[in-house]
Amino acid sequence: MSKKYTIKLDKKLPFYEWIDTDKEVIVLEFNNKIEVIESICPHYGGKLQVNQNKPNELICPFHGLKFDITNCTSSNNIFKKIRKYKVISNKPFVVEG
Amino acid sequence: MIYEIKFEAKHFTEFDLDNTWIIAQDMEHIDHLHKKTNELIKLNEINLNKDLQINKLYNYIYYTAIRKIFFFFKIKINGYRKIIHDYEIFQTEKFLFFEVNLISKYFFDDEFKKTCIHDIFCIKVPIFLYPFKKILELAVRKHIKSQFLEDEVYRKRLKELNDRGIKKRYIFLTKLNG
């Protein structure tokens, strides 16, 4: 069941936001678009961050799991995917997922 | 003739014992979170604990690692670690000319009201290395202090998730041998 979340874009990108009690996202700019992606690593909860060496990837600082920002998938067999939220409005900035 | 260099170190954290214990057992974060002090770690054999009544992830692990000493000397080691009791790990690492044995104990310290990590080291060295015992001790102390501070970030994150009702079960990323 998807829900809608309003996010204030009043911080410097990228930034983190808890949009629900148990849902944290990273809000970032990629290919001139603002993307909202789950930031809790599905493996053991590390805070996913933009890979400094490969800006099209999010990387977990604890165990090094990597997720492609475009399709949100990893090459790991167990932890394959993280959620990307769909932007449904820009003013106010609302995402759904 | 082999000589022994013995010393102990204690570190205290505000974070709880159970998360401290999980992080202590987790070897797969070493070459990511602790990349200042470790180049690589490879788990060669993991003997998993299959008894869910016992609070440990595994019985023993054989591993190889490349340690960075004083943040730049790289040394390849062969290691073995075993969980010997609740909240207690024995670990031994063989370097080219010496061997580092470590017993780490994790407990809540009633006096300081904090979780304590108590490391007891015994480094076995040949006679020609014994005069450098203070340098070896300093290298080890720097190594564990650096890792302790980096692990505080990990402990803080797990607490943040736990406070929000998120509790994950640790799953090894290494392909297991059995």
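To find a chain, count down the sequence lines: A is the first, B the second, and so on, and within it residues start at 1. The figures here come from the full heavy-atom set of this structure, side chains too, leaving out hydrogens, waters and symmetry mates.
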Enclosure of B:F132 CZ (heavy-atom neighbours >12, cutoff 6.0 Å): no
With a cut-off of 6.0 Å (strictly less than), are more than 12 heavy atoms of other residues, nucleotides or ligands near NZ of B:K56? yes
Whatever's closer than 4.5 Å to a heavy atom in chain A on B:I23 counts as neither
Are A:I82 and A:V36 connected in the hydrophobic side-chain network, where two residues link if heavy atoms are under 4.5 Å apart? no
B:L33 and A:H63, any side-chain heavy atoms less than 4.5 Å apart: no
Does B:I2 have more than 12 heavy atoms from other residues, nucleotides or ligands lying within 6.0 Å of its CD1? yes
Do the side chains of A:Y16 and A:L28 join up, straight or via other hydrophobic residues, at under 4.5 Å, putting them in one cluster? yes
Whether the side chain of B:R164 engages the backbone of A:T21 through a donor-acceptor N/O pair (distance < 3.5 Å, no angle test) should be reported. yes
Does atom NZ of A:K81 have more than 12 heavy-atom neighbours, drawn from other residues, nucleotides or ligands, at distances under 6.0 Å? yes
To the nearest 0.5 Å, atom CD1 of B:I171 lies from atom CG of A:N76 at 9.5 Å
Residues at least two apart in sequence or cross-chain that pass salt bridge (charged side-chain N to carboxylate O under 4.0 Å, His left out) with B:R157, listed by chain then number, are A:E24, B:E160
Less than 4.5 Å to any heavy atom of chain A: does that hold for the side chain of B:D26, its backbone, both, or neither? side chain
Connected via hydrophobic side-chain network under 4.5 Å: A:I34 and A:I19: yes
B:K156, NZ: over 12 other non-hydrogen atoms inside 6.0 angstrom: no
Side chain, backbone, both or neither: which part of B:L161 has an atom under 4.5 Å from a heavy atom of chain A? side chain
Identify the residues of residues 37-51 of chain A whose heavy atoms come closer than 4.5 Å to a heavy atom of chain B, ordered by number, or report 'none'. A:S39, A:I40, A:C41, A:P42, A:H43, A:Y44, A:G45, A:G46, A:K47
